[in-house]
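Here is the structure we will look at, set down as structure tokens.
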Amino acid sequence: MRKRLLSYDTETTGLYTWRGHKIFSYSVCNPVGKSTVHRLDGPWERERHNIKYLENIWSDKSLAKIMHNAKFDINMTENCLGRDLSDHKFHDTWLQACILQNHHPSNDLKSLGYELAGISVEDEDAVKPFLSYPRGYQDCPEYLMDRYQHIDAERAMLLHLFFHPKILENKNFVEIYKMERDLVLATMRMERRGIMLNKSVSVKMALEIQIDCNKLKLDFEAATGQRGIITSPKKLSWYLYKKMNYPSLKKTKEGDSVDKNTLMQLQEIVNDPCIEMILKHRSWQHGISMLNSYLELADGQGIIHPNIKTCGPDTAREACSKPNLQNVTKAGVLLNPYAISARKAFRPRPGYVNFHLDYSGIEMRILVHYSGEKYLINIIRNKGDVHVPATEIFYCDRMPWGSDFQTLRGAAKNANFAIPYGSGAPKLAKILNITLEQAHQRYTIYKCKFLRLCGLIDTIGREVGEQGYVLTIFGRRLYVAKPHAGVNYKVQGSAAGIIKRAQVRVARFLQETTGDEVQILLPIHDEIIIECSRKRLRDFYEILPKIISLMVDFPQLSVPLEVDIKVTTTNWDDKKKINKTWR
DNA sequence: ATAGGTAGCGCG
DNA sequence: AAAGCGCGCTACCTAT
């Protein structure tokens, strides 16, 4: 039987349903290339007719709708029709492209249309001049929009006809594509739900720090006699290395570096209070800017609705923007004593509790899995500390350990990652704070003990050299530009595959068991944040073991996975561990 | 005014 | 030859 397909593309008054943006027109195209445009504005008769047709399209569940970035169009359409459309069959050509060509410079609709079918972007260029803020596509002349919409619908259909057969050729790709589509729907709900900013706390923090920051700037100017240089890397570089004649410890592309690490090392040598002021000012200014940007992006209730890109990064990870909630500053990071914890400005919704479920050491586990190192596999299986052997080897002269064991272990842990990712002895010496000679010597010992782990960089590098890509544990193909990055791609990509599947499973399970009172809010690479209504707390604790089992069930791994659980009723930074580990 | 590059920094 | 990698965002600076 012939597949029933229709490509579908919406034009909206903006990007955000939560800001009231709506569909004002849509276009469709059938598999033989006949496209039509349907405006929902203008003459009343036309609008009525086109709404009815929209209803028709989205009443037929077995008619597969093809979109490029389905998360956007489905969200807008659900908003327009006022009902759930998640049981509709759909395709997403963006996902298809990302799965098939992760490293492609741009998998957007227009570029691919041009590349694969020579469709020019002239239609887009024609509407562009009408888009300057605050105007949008709805303000473009209809005849120009018409052409643009026709072509966009045709582009999407074309891409599907080109890419989908290539997905079907590979059994793993079929599973990955299915999973990615499920993830799109789960993610759409996360974005819609959003995460709550504590507006009053944000404002208060930003204002207070601003005052301190202004004062600090004046102090710096008084101390150095230089004005307007504290925020400028270029001018700081001149001041420190030319005027003060301090030694340059690190170069950038065009000059001497004044980054945090370099300045802290310089401080060890010259002990100039100005350096501390620079670092303080930078951290504080960063905190202020980020807090203000969060405030600007929050809706009337203080909810932030980020854009979570489920597919697109070269390693098949997810990414988050507007704002990026995957890099919100936290307190207690050793490397930056002056950090402003913006996480303190995020809170659970009133009446809710937030749980943070994070995989403990997932990258290391995957590395060990791929290395096949029996010794390390057994440590993990027996719930031991996989970083102890490295600590023992690299700090053999500081045995037995004193009170600073955690510091040494932390450095050894960094080395454990750096080595399989291709770091050499010089880098190790820096990480571990030992001499180059010691680094060479102990690296040799490490290599003897963990030959296969150290060999990954070569074996996987060869894999890249021969075929241009690596495979993840799910058989996902990741093209890699630089062979030495192959190990990282394999590990990041496999970890990404795990947490993506975990989200799909958990989201489905939560929807089935709790309706909408317990929901996933956000993934952060090795962690998912779940909010739970206080009314359902008892139930949640009951189903927690089931959630964890869904998260760790990956038989393709030779090592077990573990999940740490933290909880907060106040703010993101004050989350507390609620139990040992679950597995 | 706007665009693009670089540096720097946050998270994983 | 030697190399950890992936993202997004702000600020500064230069060029158009």
Side-chain angles (χ1 to χ4, degrees), chain A residues 102-103 132-133 228-237 250-263 278-279 281-294 296-297 306-309 311-331 333 335-336 338-343 356 358-364 367 413-428 430-431 454 456-458 460-461 470 478 480-493 495-496 499 522-528 572:
Chain A
N102 64 299
H103 188 58
S132 62
Y133 187 82
I229 73 165
I230 196 167
T231 60
S232 163
K234 213 168 177 176
K235 289 172 184 166
L236 281 177
S237 180
K250 186 182 155 192
K251 298 274 180 208
T252 67
K253 219 171 194 173
E254 41 192 60
D256 301 307
S257 173
V258 290
D259 71 18
K260 176 156 55 79
N261 251 338
T262 312
L263 289 189
I278 297 167
L279 293 173
H281 190 274
R282 238 185 236 162
S283 290
W284 292 358
Q285 193 54 56
H286 181 258
I288 295 164
S289 301
M290 296 315 289
L291 285 167
N292 285 333
S293 80
Y294 298 145
E296 270 185 29
L297 286 162
N307 183 0
I308 303 168
K309 193 157 60 173
C311 204
D314 283 2
T315 57
R317 264 190 173 184
E318 298 185 77
C320 181
S321 62
K322 290 178 192 171
N324 182 356
L325 292 181
Q326 293 179 325
N327 71 345
V328 182
T329 313
K330 58 181 180 183
V333 176
L335 279 78
N336 187 357
Y338 312 116
I340 302 300
S341 172
R343 288 194 179 186
H356 297 248
D358 79 291
Y359 288 101
S360 73
I362 190 167
E363 284 204 8
M364 196 63 216
L367 268 172
K413 179 179 167 185
N414 285 340
N416 255 347
F417 283 108
I419 289 169
Y421 289 154
S423 153
K427 189 87 190 177
L428 279 185
K430 268 183 204 160
I431 292 173
C454 297
L456 280 180
I457 187 78
D458 291 329
I460 296 177
V470 296
L478 299 175
V480 188
K482 300 165 282 185
H484 84 268
V487 185
N488 189 260
Y489 273 58
K490 219 172 168 78
V491 171
Q492 265 200 24
I499 195 163
L522 182 76
I524 316 179
H525 306 307
D526 67 347
E527 164 186 352
I528 53 183
W572 189 354

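Letters A, B, ... are given to chains in the order of the sequence lines, protein chains preceding strands, and every chain is numbered from 1.
- Under the 3.5 Å distance criterion, the side-chain polar atoms of R343(A) are matched with a main-chain donor or acceptor of V328(A).
- Atom pair L236(A):CG and dC9(B):P shows a separation of 11 Å (rounding to whole Å applied).
- Partners of Q285(A) according to the side-chain hydrogen bond (donor to acceptor under 3.5 Å, both in side chains) rule, which considers only residues two or more places apart in sequence or in another chain, do not exist here.
- Put simply, CZ on R343(A) is 10 Å from C1' on dG10(B), counting in whole angstrom units.
- Side-chain atoms of V487(A) and L367(A), non-hydrogen and from C-beta on, do get closer than 4.5 Å to each other.
- In this structure, the CZ atom of R282(A) is 9 Å from the C1' atom of dA7(B), given to the nearest Å.
- Side-chain N or O atoms of D358(A) include none that pairs as donor or acceptor with a backbone N or O of D526(A) at under 3.5 Å.
- The partner of dT16(C), taking Watson-Crick or G-U wobble pairs whose two distances both stay under 3.5 Å, is dA1(B).
- Both A425(A) and H525(A) lie near DNA chain C, and the one whose nearest nucleotide falls closer to the 5' end is A425(A).
- Looking at heavy-atom distances under 4.0 Å, V328(A) makes contact with sugar-phosphate atoms alone, never a base.
- Note that the CG atom of D259(A) and the OG atom of S237(A) stand 11.0 Å from one another [nearest 0.5 Å].
- Of the residues in residues 251-263 of chain A, those lying under 4.0 Å from DNA chain B by heavy-atom distance are T252(A), K253(A), E254(A), S257(A), V258(A), D259(A), K260(A).
- Interface limits on DNA chain C: the 5'-most and 3'-most nucleotides within less than 4.0 Å of chain A heavy atoms are dA3(C) to dT14(C).
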Determine, stepwise, if the pair Y338(A) / R282(A) fulfils side chain to side chain contact (heavy atoms under 4.5 Å, CB included). CA-CA 9 Å; Y338(A) 312 116; R282(A) 238 185 236 162; over 6 Å; no
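- With hydrogens and angles disregarded, a donor-acceptor distance shorter than 3.5 Å links the side chain of Q326(A) to the backbone of P523(A).
- Between I528(A) atom CD1 and dG12(B) atom P the separation is 16 Å, expressed in whole Å.
- Pairing for dG4(C) is absent, with no Watson-Crick or G-U wobble pair whose two atom distances lie under 3.5 Å.
- OP1 or OP2 of dG10(B) lies within a sub-4.0 Å distance of a side-chain N or O belonging to N336(A).
- Look at NE2 on H281(A): it is 14 Å from P on dC9(B), rounded to the nearest Å.
- Per the geometry, NZ belonging to K234(A) stands 12 Å off P belonging to dG8(B), to the nearest Å.
- Using a 4.0 Å heavy-atom criterion, one finds that G422(A) contacts the bases of the nucleic acid, with or without backbone contacts as well.
- Remark: D256(A) engages K251(A) in a salt bridge, criterion side-chain N to carboxylate O under 4.0 Å.
- D358(A) has its CG atom 9 Å from the P atom of dG12(B), to the nearest Å.
- Atom P of nucleotide dC11(B) and atom CD of Q326(A) are separated by 13 Å, given to the nearest angstrom.
- The minimum heavy-atom distance between Y421(A) and V491(A), with the atom names listed, is OH-CG1, 3.3 Å.
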